**Q** 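Below are the C-alpha cells for one structure; questions will follow.
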Amino acid sequence: MTKNEYYRILKLTWRVLLECNITELPVKVSSICKHYNINLAKYTTVDGSCKATVDYHISVKSDGFAIEQCGKYTIFYNDMCNPGRCRFTIAHELGHILLGHVLRNGLVNREPSKADNPIEQAANMFAARLLAPACVLYGCRVRTHEEISTLCNISLQSARYRSERMKELRKRRKFFTIDTERLVYKQFEDYIKKNRLKGLKRLFF
C-alpha cells in the first residue's frame with residue numbers, strides 16, 4: 001500500500017467519525033450505515049432474489065458482502081458470527097463502499113489477514129481504524145489486545161492487529177499530527193474522560 005493510499009483511508013475514517021457525530025466506543029456501525037443510507041441485512045432473514053447470493057457466500061464461508069441495487073447499497077452479514085465479528089464485517093463492507101471499490105460477488109470477507117489482496121487490505125484498514133481509532137485508544141490508555149477487544153467490541157484477532165499498530169504508533173509518537181485527528185479526539189473527549197474514571201463500557205450495534 002502506498003503512503004498516499006494509507007493516508008486517504010486514514011482521513012476517510014476520521015471524516016466518517018466526524019460526519020456521523022460518533023462520540024463514544026464501541027462505534028455504532030448501524031448509525032453510520034443509516035447516515036449514508038445503506039441498508040443492513042442479516043443472512044438468516046434474507047429471502048427472495050438475494051437468497052441464492054447469500055447461500056453462495058455461506059458456502060464459501062464469507063462473513064459478509066455488499067451489493068448495489070437501483071443506486072442504493074445493502075450490506076449483508078453473517079449474524080451467526082459473534083457480535084464483534086459482525087461489527088467488523090459491516091465496517092469492512094462500509095470501507096469497500098466508501099472507498100469506491102467495485103463490488104463483486106466473488107470477494108470473500110473473513111477475518112483480516114496479512115495475505116489479503118490490496119482491496120481487502122484497504123477495507124480491513126478502514127474497518128480497524130473506524131472501530132478502534134488510534135487517538136481514542138491512546139486517550140483511554142488502553143494497550144493490550146484484550147482491552148481493545150472489550151472497549152471496541154471487536155474480535156480478539158482483529159484487536160491483536162490493532163494492538164500491534166498502536167505499539168508502532170507509540171514508538172514513533174505518531175499521534176495528533178493532523179488537524180482532523182485532533183478534531184476526532186475532541187469529539188470523543190467527554191467519553192475519554194469518563195472512561196478513565198469509570199473503566200470500560202460495552203455497547204452493541
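What you are looking at is a predicted structure, and each value in this text was computed from that prediction instead of being measured. Counting from 1, the numbers follow the sequence of the chain as shown.
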**Q** Under 3.5 Å, is there a donor-acceptor pair linking the side chains of Y73 and E93?
**A** no
**Q** Output yes when a side-chain donor or acceptor of S149 lies under 3.5 Å from a complementary backbone atom of I154, and no otherwise.
**A** yes
**Q** So, K193 and D190, do they make that salt bridge, N to O below 4.0 Å?
**A** no
**Q** Checking L94 against C33 for the side-chain contact (heavy atoms from CB on, under 4.5 Å) test, could you report, in this order, the C-alpha distance in whole Å, the side-chain angles of both residues, the deciding distance, and whether it holds?
**A** CA-CA 8 Å; L94 267 169; C33 289; 4.0 Å; yes
**Q** What pair of heavy atoms forms the shortest contact from F188 to I22, and how long is it?
**A** CE1-O, 3.3 Å
**Q** Could you pull out the closest heavy-atom pair between Y185 and G139, with the gap in Å?
**A** CE1-CA, 3.9 Å
**Q** Can you give me the closest heavy-atom contact between H57 and G64, atom names plus distance?
**A** ND1-O, 4.2 Å
**Q** Heavy atoms only: give me the nearest Q69-C50 pair and the separation to one decimal.
**A** NE2-SG, 4.0 Å
**Q** Quick one, E68 with T74, criterion side-chain contact (heavy atoms from CB on, under 4.5 Å). Give me CA distance, side-chain angles, the key distance, then yes/no.
**A** CA-CA 6 Å; E68 182 185 5; T74 299; over 6 Å; no
**Q** Please round to the nearest 0.5 Å and tell me the distance separating atom CG of L10 and atom CD1 of I178.
**A** 6.0 Å
**Q** Answer whether the closest heavy-atom distance between the side chains of N78 and C86 falls below 4.5 Å.
**A** no
**Q** Run the numbers on H96 and E120 for side-chain hydrogen bond (donor to acceptor under 3.5 Å, both in side chains), then give the verdict.
**A** CA-CA 8 Å; H96 280 313; E120 294 303 302; 3.1 Å; yes
**Q** When rounded to the nearest 0.5 angstrom, what distance separates NZ in K186 from CG in D179?
**A** 13.0 Å
**Q** Considering residues at least two apart in sequence or located in another chain, which fulfil the ring-ring contact (aromatic ring centres under 6.0 Å, His included) criterion with F76?
**A** F65
**Q** Would you check if L137 and C152 make a side-chain contact, meaning some heavy-atom pair closer than 4.5 Å?
**A** yes
**Q** Can you list everything that forms a ring-ring contact (aromatic ring centres under 6.0 Å, His included) with F175? Sequence neighbours excluded, please.
**A** Y138
**Q** Does the side chain of Y36 come within less than 4.5 Å of C20's, by heavy atoms?
**A** yes
**Q** Kindly indicate, with the supporting measurements, whether the criterion side-chain contact (heavy atoms from CB on, under 4.5 Å) is fulfilled by K194 and E24.
**A** CA-CA 10 Å; K194 290 176 184 176; E24 61 182 17; over 6 Å; no
**Q** Looking at CG of N82 and CG of L156, how far apart are the two atoms once the value is rounded to the nearest 0.5 Å?
**A** 9.0 Å
**Q** Taking the inter-plane angle between the rings of F88 and H92 on a 0 to 90° scale, is it parallel (under 30°), tilted (30 to 60°) or perpendicular (over 60°)?
**A** tilted
**Q** Quick check on side-chain contact (heavy atoms from CB on, under 4.5 Å): which of N153, I38, L131, I75 does V29 satisfy it with?
**A** L131
**Q** Between V27 and R87, does a side-chain contact (heavy atoms from CB on, under 4.5 Å) hold up when you go through it step by step?
**A** CA-CA 9 Å; V27 170; R87 296 179 69 259; 4.1 Å; yes
**Q** Could you work out, with side chain to side chain contact (heavy atoms under 4.5 Å, CB included) as the rule, every residue matching T45, not counting sequence neighbours?
**A** K42
**Q** Rounded to the nearest 0.5 Å, how far does CG of N195 lie from SG of C140?
**A** 4.0 Å
**Q** Pair E5, R8 - check salt bridge (Lys or Arg N to Asp or Glu O under 4.0 Å), show working.
**A** CA-CA 5 Å; E5 179 66 2; R8 182 174 85 92; 3.0 Å; yes
**Q** Is a side-chain N or O of S163 found less than 3.5 angstrom from the main chain of A159, in a donor-acceptor match?
**A** no
**Q** Quick check: closest heavy atoms across Q187 and L17, and the distance to 0.1 Å?
**A** NE2-O, 2.8 Å
**Q** Are side-chain heavy atoms of R15 and T180 found at a separation under 4.5 Å?
**A** no
**Q** Got a second to check how far C135's SG is from E189's CD, nearest 0.5 Å?
**A** 11.0 Å
**Q** Less than 4.5 Å apart, side chain to side chain, heavy atoms only: is that true for M125 and M1?
**A** yes
**Q** Is the number of heavy atoms from other residues, nucleotides or ligands within 6.0 Å of NZ (K3) greater than 12?
**A** no
**Q** Donor-acceptor pair, distance only, cut-off 3.5 Å: does the side chain of E147 make one with the backbone of R143?
**A** yes
**Q** Check for me, please, whether Y6 and L98 land in the same ILVMFWY cluster - side-chain distances under 4.5 Å, paths through other members count.
**A** yes
**Q** State, with a plain yes or no, whether a side-chain heavy atom of C81 is found less than 4.5 Å away from one of T89.
**A** no
**Q** Does any non-hydrogen side-chain atom of F126 lie less than 4.5 Å from one of L12?
**A** yes
**Q** Ignoring hydrogens and geometry, is there a side-chain-to-backbone donor-acceptor pair from T177 to K174 under 3.5 Å?
**A** no
**Q** Does the D79 side chain pair with the main chain of Y43, one donor and one acceptor, at a distance under 3.5 Å?
**A** yes
**Q** When you measure from the side chain of R129 to the backbone N and O of I9, does any donor-acceptor pair fall under 3.5 Å?
**A** no
**Q** Do F176 and I192 sit in the same hydrophobic cluster, where Ile, Leu, Val, Met, Phe, Trp and Tyr count as joined when their side-chain heavy atoms come under 4.5 Å apart?
**A** yes
**Q** Could you check whether any side-chain N or O of E181 sits under 3.5 Å from a backbone N or O of W14, counting only pairs where one atom can act as donor and the other as acceptor?
**A** no
**Q** Which distance, rounded to the nearest 0.5 Å, do you find between the CG of N124 and the OG of S158?
**A** 7.5 Å
**Q** Below 4.5 Å, heavy atoms only, C-beta onward: do T53 and D55 meet side chain to side chain?
**A** no
**Q** Determine whether L99 and L18 fall in the same hydrophobic cluster, where Ile, Leu, Val, Met, Phe, Trp and Tyr are linked whenever their side-chain heavy atoms lie under 4.5 Å apart.
**A** yes
**Q** If I compare all heavy atoms of V46 with all of V54, which pair ends up nearest, and what's the gap?
**A** CG1-CG2, 3.8 Å
